[in-house]
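Positions are given from 1 along the sequence.
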Amino acid sequence: MAKNIYRLLNEVGTDFREYEEIELSSEDKERQKQRILMEVKRMEKRTEKKKGKTWKAAAGAAAACIITVGAFGLANPVQAKELLSSVFGKLIETSQGGKYEQEDTERYSIIGENAVAVQKEVDKRQGEEGYALTAEQDGVSISVSDVYCDGYVLYYTTTLKTNREELNSADGIVLEKKDGEPYNIKINGVEAAEVIRPFEKSSDGTFVAAQQLDLMAPYDMGNNPMDLALEEGGTVVVDWTVRQLDGYLWDAWEEDGEYKSTGTASGEWTLRFPVTVDTSQNEAFDINKEENGIVVKRGIKTKAGLVLEVELPDFRNEPYNDKFNDPDLGIKDSEGNWLQWLNQKADLHEDGTSTSQIMVLYDGQKDLSFCVEAKDEEQTKIAEIGFKVP
């Protein structure tokens with residue numbers, strides 16, 4: 001089991017009288033929670049091979065950070081656990097040591113900083129009925145907590161609690177489409193062809209997950225494009241029904257090589273919640289640069305993402321000679337690191353060319369480049385088009 005990061009703060013003795021308390025809004029408190037959690041993780045990473053005073057000194061610095069920003073006006077370090085117990089914090093915790101630790105930590109931190117509590121979304125719609133933020137049945141409770149929507153992607157966080165041993169003993173709980181329909185998702189009343197990520201067990205015994213819905217190019221179950229007619233300030237209503245939960249151990253396998261099952265629960269848990277399409281921070285800017293037949297037209301900066309509109313040639317032709325018309329492409333920062341891919345919409349033309357919108361996770365970087373590389377051993381560069389984000 002992953003080390004409980006909350007212990008870093010709870011074991012530290014700190015004189016909190018030395019720090020000034022500052023009252024913050026609920027939105028600012030949530031942002032500070034995520035920043036503090038990230039700082040604790042950085043400190044833990046730097047000191048994971050050390051013991052005693054060095055390890056506790058790092059935690060002490062993080063505790064001081066908490067009081068400096070005044071989040072919740074803490075009176076003692078025991079409250080640190082509550083401070084860091086948001087669902088996004090648990091998601092970051094459960095990602096530690098995993099194959100995609102860096103990507104998950106980055107994504108949950110940036111999305112979490114810009115998400116809002118789903119209860120606020122319901123409160124804004126007083127008088128509207130039918131929303132269900134928690135569903136309980138047969139010893140299992142599933143709830144939705146946070147939402148994010150910029151018109152291109154929609155995120156929502158979920159928590160599963162259970163007293164059923166067959167599920168509680170699992171490392172993760174999966175909703176699989178092997179038999180029947182263990183779940184379905186409707187967006188504005190239309191069933192969407194979306195894949196659900198598994199619930200991961202956190203240190204407090206609950207299971208957490210964050211789901212991403214594609215609003216850039218959504219498809220229904222018949223593989224037909226969905227026209228959601230999204231507009232600023234409009235509402236996306238998500239209906240999520242779960243019918244089957246399968247518990248698994250991640251470090252044990254059955255004879256056929258599948259993860260070892262701890263058991264299955266069946267029932268019907270239905271959540272229904274509204275999300276505001278918040279494009280208030282979306283900012284478009286022109287780029288209009290071309291290299292080797294590739295054109296970057298413009299960018300759109302959102303709360304947590306960056307979208308590029310590009311024109312791509314038929315890469316099967318000279319001088320590219322890619323028989324699959326499928327090179328590696330994306331956005332790199334000034335140090336040559338790929339920014340995390342979130343989404344894409346591609347319109348393929350009859351002549352093999354295409355118009356695409358490519359979305360990546362964005363955290364304020366200014367100097368970026370759109371890169372296209374061949375999928376050969378040398379990763380031959382086809383284009384590297386630099387641009388600045390205002």
Side-chain angles (χ1 to χ4, degrees), residues 99-107 109-111 114 150-155 212-219 225 230 279 281-390:
K99 182 178 180 181
Y100 302 105
E101 173 183 338
Q102 180 177 344
E103 293 90 340
D104 288 346
T105 298
E106 181 182 32
R107 183 172 66 259
S109 299
I110 295 173
I111 297 295
N114 291 278
D150 57 14
Y152 293 96
V153 292
L154 188 157
Y155 277 89
Q212 176 183 333
L213 300 183
D214 176 10
L215 300 184
M216 186 183 293
Y219 283 82
L230 301 178
T279 63
Q281 296 183 40
N282 291 11
E283 179 183 352
F285 56 96
D286 292 328
I287 299 175
N288 295 322
K289 289 187 176 182
E290 185 271 341
E291 181 182 332
N292 204 12
I294 296 156
V295 180
V296 180
K297 299 172 65 177
R298 70 168 189 157
I300 301 98
K301 181 172 58 174
T302 77
K303 293 189 296 182
L306 179 68
V307 180
L308 282 193
E309 295 181 358
V310 299
E311 297 285 349
L312 301 175
D314 185 345
F315 290 102
R316 295 170 296 186
N317 298 332
E318 294 283 351
Y320 321 105
N321 300 316
D322 178 355
K323 63 179 181 180
F324 299 108
N325 197 17
D326 183 33
D328 285 327
L329 49 85
I331 301 171
K332 289 185 177 181
D333 63 19
S334 59
E335 297 179 353
N337 302 309
W338 294 100
L339 298 191
Q340 188 174 159
W341 187 281
L342 289 184
N343 211 355
Q344 180 182 13
K345 177 183 180 181
D347 295 320
L348 184 64
H349 308 309
E350 290 185 1
D351 62 357
T353 65
S354 62
T355 301
S356 291
Q357 289 183 312
I358 296 166
M359 185 178 193
V360 295
L361 192 69
Y362 180 70
D363 194 26
Q365 301 92 331
K366 296 298 182 182
D367 296 302
L368 300 173
S369 58
F370 179 67
C371 298
V372 182
E373 299 175 355
K375 289 181 177 176
D376 52 25
E377 292 184 2
E378 294 78 21
Q379 293 183 303
T380 305
K381 183 177 72 174
I382 298 174
E384 186 172 350
I385 302 173
F387 62 94
K388 287 186 176 293
V389 181

Using a 6.0 Å cut-off, check whether atom CZ of Phe285 has over 12 heavy atoms from anything other than its own residue. yes
Check: Does Gln102 CD have over 12 foreign heavy atoms under 6.0 Å away?
Finding: no
Provide the closest heavy-atom pair for [X] versus [Y] in the form atom of the first, atom of the second, distance.
{"X": "Leu361", "Y": "Ala304", "answer": "CD1-O, 3.6 Å"}
{"X": "Pro390", "Y": "Lys366", "answer": "O-NZ, 3.2 Å"}
{"X": "Gln344", "Y": "Met216", "answer": "C-SD, 3.7 Å"}
{"X": "Leu312", "Y": "Ser356", "answer": "CD1-OG, 4.1 Å"}
{"X": "Glu335", "Y": "Asp333", "answer": "N-OD1, 2.9 Å"}
{"X": "Trp341", "Y": "Val360", "answer": "CA-CG1, 4.3 Å"}

Between His349 and Thr355, is there a side-chain donor-acceptor contact under 3.5 Å, judged purely by atom types and distance? yes
Whether Asp314 side chain and Thr353 backbone form a donor-acceptor pair below 3.5 Å: no
Is a side-chain N or O of Glu106 found less than 3.5 angstrom from the main chain of Ser109, in a donor-acceptor match? no
Contacts of Glu378 meeting side chain to side chain contact (heavy atoms under 4.5 Å, CB included) (sequence neighbours excluded), chain-then-number -> Asp376, Thr380
Spacing of [X] atom [atom1] and [Y] atom [atom2] [to the nearest 0.5 Å]:
{"X": "Tyr152", "Y": "Leu215", "atom1": "OH", "atom2": "CG", "result": "11.0 Å"}
{"X": "Ile358", "Y": "Leu306", "atom1": "CD1", "atom2": "CG", "result": "10.5 Å"}
{"X": "Lys381", "Y": "Gln379", "atom1": "NZ", "atom2": "CD", "result": "13.0 Å"}
{"X": "Tyr320", "Y": "Asn292", "atom1": "OH", "atom2": "CG", "result": "4.5 Å"}
{"X": "Gln365", "Y": "Asn337", "atom1": "CD", "atom2": "CG", "result": "9.5 Å"}

I want to check something: taking the side chain as every heavy atom from C-beta on, are [X] and [Y] in contact at a cut-off of under 4.5 Å?
{"X": "Pro225", "Y": "Tyr219", "result": "yes"}
{"X": "Tyr155", "Y": "Leu342", "result": "yes"}
{"X": "Ile300", "Y": "Arg298", "result": "yes"}
{"X": "Val153", "Y": "Asp214", "result": "no"}

- Under-4.0 Å salt bridge between Lys297 and Glu309: no
Only one of Val389, Ile331, Thr302 passes side chain to side chain contact (heavy atoms under 4.5 Å, CB included) with Tyr362, and that residue is Val389
Donor-acceptor pairs under 3.5 Å, side chain of residues 368-375 to any protein atom, not counting sequence neighbours: which ones?
unit_1, atom_1, unit_2, atom_2, d
Glu373, OE2, Lys332, NZ, 2.9
Lys375, NZ, Asp326, O, 3.3
Lys375, NZ, Asp326, OD2, 2.9

